[in-house]
Chemist: 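Before we start, here is the structure in question, set down as structure tokens.
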Protein chains: 2
Amino acid sequence: MTATTVHQPTHREALWALEDAFERGDLITVFGRCTVEYDGRAASSLGVGRRLLVLKPDGTALVHTDENQKPVNWQPPGSEHHAAVRDGRLRVRSVHTSPDETLAVRFETVEQLSAMSVSGRRDLSVTGSEADLRNALLDRPALIESGFEPLATERPTDAGPIDLFGRDSDGRPVVVELKRRRVGPSAASQLQRYVAAIEREEGDNAAVRGILVAPSVTDRARRLLAEHELEFVAVEPPSSTGDAGENNTLDTEPAETNAFDLAVDDSAHDSAGDATGNDESEAAGTVPADEESN
Amino acid sequence: MTATTVHQPTHREALWALEDAFERGDLITVFGRCTVEYDGRAASSLGVGRRLLVLKPDGTALVHTDENQKPVNWQPPGSEHHAAVRDGRLRVRSVHTSPDETLAVRFETVEQLSAMSVSGRRDLSVTGSEADLRNALLDRPALIESGFEPLATERPTDAGPIDLFGRDSDGRPVVVELKRRRVGPSAASQLQRYVAAIEREEGDNAAVRGILVAPSVTDRARRLLAEHELEFVAVEPPSSTGDAGENNTLDTEPAETNAFDLAVDDSAHDSAGDATGNDESEAAGTVPADEESN
DNA sequence: CATTATATGTCGCGA
DNA sequence: TCGCGACGTATAATG
């Protein structure tokens with residue numbers, strides 16, 4: 001058996017279970033009524049309530065409630081978990097140094113405590129990242145502009161590394177900033193900083209072009225680009241439930257990942273994906289839909 | 001009993017438990033060997049391994065391994081959880097629409113499945129936010145500059161809302177951008193955008209000042225500020241484990257929260273906080289310290 | 001350790 | 001819903 005659980009333990013029994021789990025380096029979940037205090041980069045206090053506490057062997061602590069993806073309180077990896085019984089109550093403290101911060105969970109009641117060994121396999125592969133977009137564009141530089149010649153990626157400048165640097169058919173330097181999704185003003189500013197840096201490098205007479213490559217831009221970002229005479233080239237976002245969805249090649253060499261539809265700004269188009277799923281026996285649980293959300 | 005658990009269930013037993021838990025709107029944890037596939041904003045695939053799956057009644061799904069604060073895979077709130085047994089294996093799918101994305105967890109073995117009702121009390125109070133800093137500065141505008149007169153917060157402009165807007169003793173418009181922690185180039189760009197927007201508003205002759213207020217700046221950011229003739233005023237970061245740590249006033253009016261030490265760039269100072277904690281019986285589990293970390 | 005940029009960022013607020 | 005910016009952002013890469 002690789003998972004041990006105690007139900008409705010006394011606080012002292014819970015402490016024993018925690019000691020064992022710490023010893024084994026297990027992943028721990030504790031469910032019960034508790035209060036939570038955090039002090040460190042900020043300070044926060046959480047009144048009593050029923051919550052789920054997750055303690056990882058790497059020092060991570062997470063306090064989850066019934067909603068939201070982010071824990072309501074947490075402690076980063078590298079913290080040290082401490083457990084004690086104080087005034088007859090289980091208390092878990094996770095302490096981190098540099099930055100100094102502490103998370104304290106005080107349990108009124110412990111409903112359940114589980115410990116289990118988990119394997120931290122790191123074989124996650126993600127496609128559709130900015131790096132994927134870059135590789136795809138290196139394959140077909142003409143999609144940025146006919147005659148564009150890539151010269152370097154991550155080219156260092158005074159203002160930081162440029163995603164993609166090259167020259168156009170006239171030999172003018174071109175700074176390309178890549179974004180995997182719709183961009184706002186900050187991306188335009190970022191591009192502008194890089195262009196300015198290259199202009200300082202190359203000399204004032206050099207007319208350096210800046211091109212933002214992304215699926216789309218917001219109005220404000222578009223205005224900012226125009227202000228600084230920067231350009232925009234549209235590429236399709238990563239094709240998720242589309243035609244390129246079968247490339248789950250985990251064993252093969254990830255040589256040429258083309259997770260992006262590379263199309264240039266030609267037209268609007270609808271991509272309706274069908275999700276056919278007929279299931280044997282199924283249970284659907286979920287969203288309150290419209291019950292009192294916000 | 002508010003927490004139900006099944007150990008080493010058959011896949012079909014696990015499905016029944018899930019159905020019940022969905023019905024009740026419980027928070028669910030499933031531990032077992034599984035593979036995970038995500039497809040949506042990006043695409044990812046995770047090989048078989050022992051992991052913890054958390055399903056929330058608001059549609060959130062989290063897949064956690066033994067390390068890292070962030071789940072290795074997840075699905076945002078608003079998703080719909082589906083469970084089914086397929087080929088004799090438990091399969092959980094969380095489906096989200098707009099953006100369309102799907103998380104699929106296929107279990108080889110289910111070690112444990114727990115369901116519990118949780119209370120989503122939202123009485124979290126955090127001090128040390130940017131809003132706290134703003135309030136503190138409104139109390140003592142002279143800390144930005146002697147004679148500075150605040151006129152508006154969140155003042156709207158073409159480039160977005162300005163944190164704090166006012167005039168100096170000469171009547172010149174002043175744009176103040178607040179950051180609660182050390183800032184990089186993006187903050188300088190942001191301030192620059194706001195200053196430019198005000199200059200367009202007020203007319204070209206108006207010499208609009210821009211002041212970045214933060215604990216400190218990076219070198220690159222400082223250079224950017226200088227380039228655009230923007231200014232910097234240092235304030236101390238929120239005092240965490242310092243002298244202002246006792247203000248956990250949850251009942252009282254949060255009228256004047258001064259979670260910031262407002263000091264202007266004068267000197268370094270040490271704030272050594274003492275954390276005295278003597279514990280009855282204690283268990284410390286944690287960080288492998290130096291075992292094979294990275 | 002500090003700086004920098006990415007992210008399936010997440011989240012809340014406001015138009 | 002989208003746009004925008006803060007966040008105890010987290011995380012990885014790099015000097």
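Below, read A as the first sequence line, B as the second, and so on, with proteins coming before strands; counting in each chain starts at 1. Everything numeric in this text was worked out from a predicted model, so none of it was measured.
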Chemist: Once salt bridge (charged side-chain N to carboxylate O under 4.0 Å, His left out) is applied, do any residues pair with A:Arg155, and if so which ones, sequence neighbours excluded?
Modeler: A:Glu201
Chemist: Does A:Arg181 place a side-chain N or O at less than 4.0 Å from the phosphate oxygens OP1/OP2 of C:dG9?
Modeler: yes
Chemist: Taking the C1' atom of each, how far is D:dC7 from C:dT6, in whole Å?
Modeler: 15 Å
Chemist: I need the CG-P distance between A:Asp100 and C:dC1, as an integer number of Å.
Modeler: 12 Å
Chemist: Give one of base, sugar-phosphate or nothing for A:Gln69, where a contact means two heavy atoms less than 4.0 Å apart.
Modeler: sugar-phosphate
Chemist: Okay, side chain of B:Lys56, backbone of A:Glu67: is any donor-acceptor separation there less than 3.5 Å?
Modeler: yes
Chemist: Ignoring hydrogens, what is the shortest heavy-atom contact between A:Arg220 and B:Asp158? Give both atom names and the distance.
Modeler: NE-O, 2.7 Å
Chemist: Are any of the side-chain nitrogens in A:Arg222 or A:Glu227 under 4.0 Å away from the carboxylate oxygens of its partner?
Modeler: no
Chemist: Should B:Trp74 be listed as having a side-chain N or O under 4.0 Å from OP1 or OP2 of C:dG9?
Modeler: no
Chemist: For D:dG8 versus C:dG14, give the span between their C1' atoms, rounded off to a whole number of Å.
Modeler: 25 Å
Chemist: NA contact type, A:Pro76, heavy-atom cut-off 4.0 Å: base, sugar-phosphate, or nothing?
Modeler: base
Chemist: Could you go through nucleotides 2-5 of chain C and list every protein N or O atom that sits under 3.5 Å from one of its N or O atoms, giving the distance for each pair?
Modeler:
{"residue": "C:dT3", "atom": "OP1", "partner": "B:Arg182", "partner atom": "NE", "Å": "3.1"}
{"residue": "C:dT3", "atom": "OP1", "partner": "B:Arg182", "partner atom": "NH2", "Å": "2.2"}
{"residue": "C:dT3", "atom": "OP2", "partner": "B:Arg182", "partner atom": "NE", "Å": "2.7"}
{"residue": "C:dT4", "atom": "OP1", "partner": "B:Arg220", "partner atom": "NE", "Å": "3.2"}
{"residue": "C:dT4", "atom": "OP2", "partner": "B:Thr218", "partner atom": "OG1", "Å": "2.7"}
{"residue": "C:dA5", "atom": "OP1", "partner": "A:Ala159", "partner atom": "O", "Å": "3.2"}
{"residue": "C:dA5", "atom": "OP1", "partner": "A:Tyr194", "partner atom": "OH", "Å": "2.9"}

Chemist: In whole angstrom, give the distance that lies between atom CZ of A:Arg134 and atom C1' of C:dA7.
Modeler: 16 Å
Chemist: With sequence neighbours left out, what residues match B:Leu138 under side chain to side chain contact (heavy atoms under 4.5 Å, CB included)?
Modeler: B:Arg134, B:Asn135, B:Pro150, B:Thr153, B:Leu164
Chemist: Starting at the 5' end of DNA chain D and moving along, which residue's nearest nucleotide shows up first, A:Leu103 or B:Asn68?
Modeler: A:Leu103
Chemist: Find out whether A:Val176 and A:Asp163 are in side-chain contact, i.e. whether some heavy atom of one side chain is under 4.5 Å from a heavy atom of the other.
Modeler: no
Chemist: Residues in salt bridge (charged side-chain N to carboxylate O under 4.0 Å, His left out) with A:Glu154, at least two apart?
Modeler: none
Chemist: Only counting residues at least two apart or in another chain, list the ones meeting side chain to side chain contact (heavy atoms under 4.5 Å, CB included) with B:Pro76.
Modeler: A:Gln69, B:Arg41, B:Ser79, B:His96, B:Glu101
Chemist: Contact boundaries of DNA chain D with chain B (under 4.0 Å, heavy atoms), 5' to 3'?
Modeler: D:dT1 to D:dT11
Chemist: Round to a whole Å and report the spacing from NE2 of A:His64 to C1' of C:dT10.
Modeler: 12 Å
Chemist: Between D:dA6 and D:dA10, how far apart are the two C1' atoms, rounded to whole Å?
Modeler: 15 Å
Chemist: Pick the C1' atom in C:dA5 and in C:dG9, then give their distance to the nearest Å.
Modeler: 13 Å
Chemist: Kindly indicate whether the side chain of B:Asn73 and the base of C:dT8 share any N or O donor-acceptor pair separated by less than 3.5 Å?
Modeler: yes
Chemist: Charged N to carboxylate O under 4.0 angstrom, B:Arg91 versus B:Glu37?
Modeler: no
